[in-house]
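The chains referred to below are lettered A, B, ... by the order of the sequence lines, with proteins before strands, and numbering in each begins at 1.
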2 protein chains.
Amino acid sequence: MARAGLTTERLIRAGAELADEVGFDQVTISALARRFGVKVASLYSHLKSSQDLRTGIALFALEELADRVADALAGRAGRDALAAFAAAYRDYAREHPGRYAAARLRLDPETAAASAGVRHAQMTRAILRGYDLAEPDQTHAVRMLGSVFHGYVSLEMSGGFSHTAVDPEESWSWIVDSLDALLRNRATP
Amino acid sequence: MARAGLTTERLIRAGAELADEVGFDQVTISALARRFGVKVASLYSHLKSSQDLRTGIALFALEELADRVADALAGRAGRDALAAFAAAYRDYAREHPGRYAAARLRLDPETAAASAGVRHAQMTRAILRGYDLAEPDQTHAVRMLGSVFHGYVSLEMSGGFSHTAVDPEESWSWIVDSLDALLRNRATP
DNA sequence: GCGATTTGCCTAAAACTATTAGGCAAATCC
DNA sequence: GGATTTGCCTAATAGTTTTAGGCAAATCGC
């Protein structure tokens, strides 16, 4: 019988695509096997478990998103960097809703520490360098930015903003501008 | 055989408790049946489907959370109301992580329109009455507040803030204060 | 090029979840 | 008390997860 040429990498990549198509929590070993035209049990040579697949997709998405954000931030500072960061984040979620959801999967501490999540934190801190915030304010600000961006994207994705006539695009700019002003006001004298 | 006295209400309530104990996505018709000591099929007299159960828990959680927020807001205005709103939101998520997750379930538009989600939107707007914001700024602000609070709670729950030594409590106050200042600055002259 | 070994995908099987159909006894209504 | 409704049951089907063991294809050593 001809072999399908599966690898852990390919499976995780395909899992990420599947997540974008049908939603992250619909990603199943069975569906993945179907997609490759192989039997379910075959995937267990490459994946330890269903949870292992999900974690793999999460790590992949974190990497990919970190790469995008890094690109977006290159050569920018201050308000410009803030806007670019926000845009990269939001665009990724819109292009790849399943991967975005995966990136939000709760990882156990060791896995998280070895993930691209660390880069995300570093980059958020890098943005704040343009705003002269001393600790612990800088940490507070990191948490606030993470919260706003994640919260906004998450609410937008779940259809929370579809009732009103106000353009979400406009709200997004308003929020980014507001945050910029807020951070400038908080600058350590 | 003695009857267990199941009703849709009791099942949803128990489902909410189960969600808090084992996580919202571990809530299953089977687990619920086990908890009541009845056979799985018996629950189908009260619930249309697994999805129906999940939706029921979500609606229940939205109600409960809206009640709490309403209580917290009673008699308060401005910064005081903002802080109370934030606290009610966060406390609920900590006390009832499963229900909180349920409240974030994506509902189809008709269900959402008939849910307590509407009250949530109204109450958020009520808070902003203390800040003199004209439309569309008010809508932008509603979205921002929703984003920050949901985002913060969601990141905190998923362990995102456990790396640094900075007290999450302090960050929370800092953020609430910052938002208050931001909204005051945005007030329409 | 060929034998030995590794590796990849397979079949088989057990366990759990979701869902539907139909039955019998308990509760409820005159 | 008899008729009807209702609640929980058994039975059966289908899908997903996971483990165990097998056979053939790929790969390695010579």
field: Gap between atoms CZ and P, on A/Arg54 and D/dT16 respectively (whole Å)
entry: 12 Å
field: Residues in salt bridge (Lys or Arg N to Asp or Glu O under 4.0 Å) contact with B/Glu21, at least two apart in sequence or another chain
entry: B/Arg35
- prompt: Whole Å only: how far is the NZ atom of A/Lys39 from the P atom of D/dT18?
  reply: 19 Å
query: Which ones in residues 40-49 of chain B lie close to DNA chain D, meaning a heavy atom under 4.0 Å from one of its atoms?
result: B/Ala41, B/Ser42, B/Ser45, B/His46
message: Measure CD/A/Gln51 against C1'/C/dC16 and give the value in whole Å, please.
response: 17 Å
message: Give me each pair satisfying salt bridge (Lys or Arg N to Asp or Glu O under 4.0 Å) with a member in residues 133-148 of chain A, each pair once, sequence neighbours excluded.
response: A/Arg125-A/Glu135
- prompt: Quick one: salt bridge (Lys or Arg N to Asp or Glu O under 4.0 Å) partners of A/Arg184, sequence neighbours excluded?
  reply: A/Asp180
Atom-to-atom span, CZ of B/Phe36 to P of D/dC9 - whole angstrom: 13 Å
- request: Using whole Å, report how far CG of A/Leu18 lies from C1' of D/dT16.
  value: 14 Å
task: Taking ring-ring contact (aromatic ring centres under 6.0 Å, His included) as the test, write out the residues that go with B/Tyr152, two or more places apart.
output: B/Phe161, B/Trp172
Sequence neighbours excluded - salt bridge (Lys or Arg N to Asp or Glu O under 4.0 Å) pairs with any residue from residues 51-62 of chain A: none
field: Pairs where residues 100-114 of chain B contributes a residue and the test salt bridge (Lys or Arg N to Asp or Glu O under 4.0 Å) is met, not counting sequence neighbours
entry: none
- prompt: For B/Asp67, what residues pass the salt bridge (Lys or Arg N to Asp or Glu O under 4.0 Å) criterion, not counting sequence neighbours?
  reply: B/Arg119
- prompt: Is the number of heavy atoms from other residues, nucleotides or ligands within 6.0 Å of CD (A/Glu9) greater than 12?
  reply: no
message: Checking ring-ring contact (aromatic ring centres under 6.0 Å, His included) between B/Tyr100 and each of B/Phe60, B/Phe24, B/Tyr89, which is the one that passes?
response: B/Tyr89
query: For B/Arg90, which residues count as a salt bridge (Lys or Arg N to Asp or Glu O under 4.0 Å) partner, sequence neighbours excluded?
result: B/Glu156, B/Glu169
field: Base-pair map of DNA chain D as dot-bracket, where | denotes pairing with a different strand and pairs are Watson-Crick or G-U under 3.5 Å
entry: ||||||||||||||||||||||||||||||
Listed partners of A/His96 passing ring-ring contact (aromatic ring centres under 6.0 Å, His included), at least two apart: A/Tyr92
statement: Under a 4.0 Å heavy-atom cutoff, the residues of residues 23-34 of chain A touching DNA chain C are none
